[in-house]
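These notes concern the structure reproduced below.
The analysis underlying the following values was restricted to heavy atoms, covering all of them including side chains, and did not include hydrogens, waters or symmetry mates. Quantities reported herein were computed from a predicted structural model and do not represent experimental measurements. Counting starts at 1 for both ligands and their atoms, following the listed order.
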Amino acid sequence: MPSPNEPMPAGDPRGLAGRHIVLGLSGGVACFKAAELAREMGRAGATVQVVMTEAATQFITPVTMQALTGRPVYTSQWDPRQPNNMPHIDLSRGADALVVAPASADFIAQLAQGRADELLALLCLARPQTAGRLCPLLVAPAMNREMWAHPATQRNVAQIVADGARVLGPAAGDQACGDIGDGRMLEAAEICLDLIAFFQPKVLAGRSMLVTAGPTFEAIDPVRGITNHSSGKMGFAVARAAAEAGARVTLVAGPVHLPTPRGVHRIDVQSAEQMLAAVLPQAPGHDVFVATAAVADWRPVRSAGQKIKKDGSGQVPTLELTENPDILATVARLPTGQRPWCVGFAAESEDVVKHARAKLEKKGVPLIVGNLGPATFGRDDNTLVLVDAAGERTLPTGDKLVLARELVAEIARRLPGSAN
Ligand code: CTP
């Protein structure tokens with residue numbers, strides 16, 4: 001297992017391969033979500049060691065958590081299973097992170113005061129906090145909205161953040177007590193994604209990125225249109241990777257069936273003209289623009305207001321087409337001060353490098369990422385070749401998320417004023 005805090009080897013699309021996570025449960029109805037969280041973290045490649053407070057065992061049994069993680073659960077600092085009888089020291093020593101989910105109001109109060117009257121609180125207090133051996137603490141609050149809003153809780157949350165804890169959520173919504181409001185624990189999948197993001201290097205901290213993704217749909221009439229096979233997966237992966245790297249991300253998406261990456265602001269559009277209209281006001285407010293969208297080159301001059309019907313004569317309608325605006329080239333021509341650092345994609349069917357280099361010139365951008373369109377549309381993997389003034393670099397075939405993270409690192413390195 002790599003030692004704690006080391007960046008994991010690239011090439012792990014699951015996100016937690018080789019990580020060892022201590023999952024702490026304090027008392028709350030949301031304990032049922034911790035069962036799913038343990039599984040999610042396991043699926044993402046982590047080994048999971050569960051520690052529960054006495055109160056948590058009232059909501060879910062250690063047996064369940066043991067069965068899900070394949071490891072004995074610890075509940076007491078007097079547990080004789082540790083040869084040195086120091087579970088509070090041993091359990092966090094090899095851990096990459098300590099995740100408390102759910103974290104009750106009482107447990108957060110204990111953390112804020114540095115109390116240690118139960119194993120889990122003791123573990124949090126005793127976890128290594130020095131550089132090189134750091135065991136980060138992530139806390140997912142779960143409580144009734146009145147408890148969450150109470151000044152004492154807010155004070156305690158501010159205190160644990162000041163002491164170095166990362167607070168995940170809470171979300172707003174239905175509560176077990178029947179109330180609706182802030183205080184719900186994040187869903188297991190959201191906590192797991194936040195944990196995966198937590199481990200990614202923050203190479204775009206303080207930066208912002210605007211991404212276009214997916215195909216466009218150029219309406220012929222209300223039921224038909226011109227589009228292409230782009231699934232949007234590469235662009236969504238770039239948006240996710242940039243958000244994981246610490247950037248503020250805006251994603252302008254054509255019609256695709258993909259969930260919005262966590263923390264990303266998404267604007268849905270249909271046509272190329274709508275995409276341009278969404279991108280242009282956003283562009284000056286972003287440091288980087290990555291155009292992954294497979295924008296339709298042409299659109300019908302007229303889109304019929306009603307469905308075009310066959311008239312029985314066998315005559316087919318004639319489609320008159322006009323060229324769509326080039327979104328990337330338009331952004332790349334914005335005046336200095338309003339122009340983000342532009343990255344284009346080139347989806348080719350052959351001679352990727354040659355065409356990519358031609359597009360570098362034609363679009364006037366510092367970086368073009370070439371890929372074979374037909375070989376990648378809709379798939380989870382891709383091969384990218386980065387083409388810029390200095391030369392070419394191939395990112396070998398891999399999962400789109402892994403490639404997106406590498407691309408984000410390459411962009412971060414090239415950004416003016418970059419310290420990476
Ligand atoms: N692009 C764009 N707006 C368009 C066409 C393309 O923003 N109307 C962007 C794409 O998002 C991509 C890059 O330009 O980043 C290259 O797109 P591609 O379709 O490969 O190239 P085209 O310019 O359309 O050239 P061709 O179809 O002749 O290969």
Side-chain angles (χ1 to χ4, degrees), residues 209-219 225-239 241-242 249-256 267-284 286 288-301 321-334 339-378 382-388 392 395 400 403-404 407-408 410-411 414:
M209 183 186 281
L210 176 64
V211 182
T212 62
T216 62
F217 182 90
E218 313 297 333
I226 300 171
T227 188
N228 58 62
H229 285 306
S230 168
S231 64
K233 284 181 182 171
M234 192 66 229
F236 275 58
V238 169
V249 182
T250 305
L251 173 63
V252 179
V256 293
I267 302 171
D268 283 320
V269 297
Q270 294 279 318
S271 67
E273 285 184 303
Q274 288 171 359
M275 191 172 270
L276 180 66
V279 162
L280 270 187
Q282 294 286 340
H286 289 79
V288 186
F289 175 50
V290 183
T292 74
V295 183
D297 289 314
W298 304 282
R299 67 177 184 278
V301 172
L321 300 177
T322 184
E323 196 168 312
N324 266 327
D326 190 316
I327 300 165
L328 176 60
T330 308
V331 173
R333 279 196 302 266
L334 287 172
R339 184 178 60 237
W341 201 81
C342 291
V343 182
F345 267 65
E348 307 297 342
S349 54
E350 73 291 301
D351 289 337
V352 176
V353 172
K354 194 177 103 194
H355 290 304
R357 192 157 289 289
K359 281 176 189 172
L360 196 72
E361 303 288 323
K362 192 174 87 181
K363 312 243 173 183
V365 298
L367 178 64
I368 288 276
V369 183
N371 59 168
L372 283 171
T376 183
F377 277 166
N382 200 355
T383 312
L384 302 180
V385 48
L386 275 49
V387 178
D388 66 7
E392 288 111 43
L395 304 183
K400 285 180 176 173
L403 289 175
L407 175 60
V408 159
E410 292 281 347
I411 291 171
R414 290 168 164 82

- Item | Between OG1 on residue T216 and CD1 on residue I327, distance to nearest 0.5 Å | 7.5 Å

- Please round to the nearest 0.5 Å and tell me the distance separating atom CH2 of W341 and atom CG of L367. 5.0 Å

- Item | N324 and E218 side chains, donor-acceptor separation under 3.5 Å | yes

- Counting only heavy atoms, which portion of D297 has something under 4.0 Å from ligand 1: side chain, backbone, both, or neither? side chain

- From L395 CG over to L407 CG, what is the distance, rounded to the nearest 0.5 angstrom? 7.0 Å

- Task: Provide, to 0.1 Å, the distance between atom 6 (C) of ligand 1 and the closest protein heavy atom, together with that atom's residue and name.
- Result: K363 NZ, 3.5 Å

- Task: Output the distance between atom CG (L251) and atom CG (D268), rounded to the nearest 0.5 Å.
- Result: 8.0 Å

- Report the distance from atom CD1 of I368 to atom NZ of K362, rounding to the nearest 0.5 Å. 9.0 Å

- Which of the ligand 1 atoms, numbered from 1, are nearer than 4.0 Å to a heavy atom of A291: 11 (O), 12 (C), 15 (O)

- Who's closest to atom 11 (O) of ligand 1 heavy-atom-wise, of A329, A358, A293? A293

- Task: Find all atoms of ligand 1 within a distance of less than 4.0 Å from any non-hydrogen atom belonging to L328, and give their numbers and elements.
- Result: 2 (C), 7 (O), 9 (C), 13 (C), 14 (O), 15 (O)

- Query: Does the pair F289 and V365 meet the rule for a side-chain contact (heavy atoms from CB on, under 4.5 Å), with working shown?
  - Reply: CA-CA 10 Å; F289 175 50; V365 298; over 6 Å; no

- Query: What is the nearest protein non-hydrogen atom to atom 3 (N) of ligand 1, stated with its residue, atom name and distance?
  - Reply: I327 N, 3.0 Å

- Which ligand 1 atoms, with their elements, are less than 4.0 angstrom from a heavy-atom of P325? 3 (N), 4 (C), 8 (N)

- Query: Which residue holds the protein heavy atom closest to atom 28 (O) of ligand 1, what is that atom called, and what is the gap in Å?
  - Reply: K362 NZ, 4.7 Å

- Message: If you scan the protein for heavy atoms around atom 14 (O) of ligand 1, do you find one that is closer than 4.0 Å?
- Response: yes

- Give a yes or no on whether a salt bridge exists between R357 and E392, defined as a side-chain N under 4.0 angstrom from a carboxylate O. yes

- Could you tell me whether some N/O pair between F345 and ligand 1 is separated by less than 3.5 angstrom? yes

- Note on the structure: When distances are taken from atom 4 (C) of ligand 1, the protein heavy atom at minimum range is V295 CB, 3.5 Å

- Numbered atoms of ligand 1 (with element) below 4.0 Å of G344, judged on heavy atoms: 15 (O)

- Note on the structure: Heavy-atom proximity to atom 26 (P) of ligand 1, picking from K359, H355, E348, points to K359

- Under 4.0 Å from atom 24 (O) of ligand 1, do we find at least one protein heavy atom? yes

- Item | Chi angles and distances behind the side-chain contact (heavy atoms from CB on, under 4.5 Å) call for H286, T250 | CA-CA 9 Å; H286 289 79; T250 305; 2.8 Å; yes

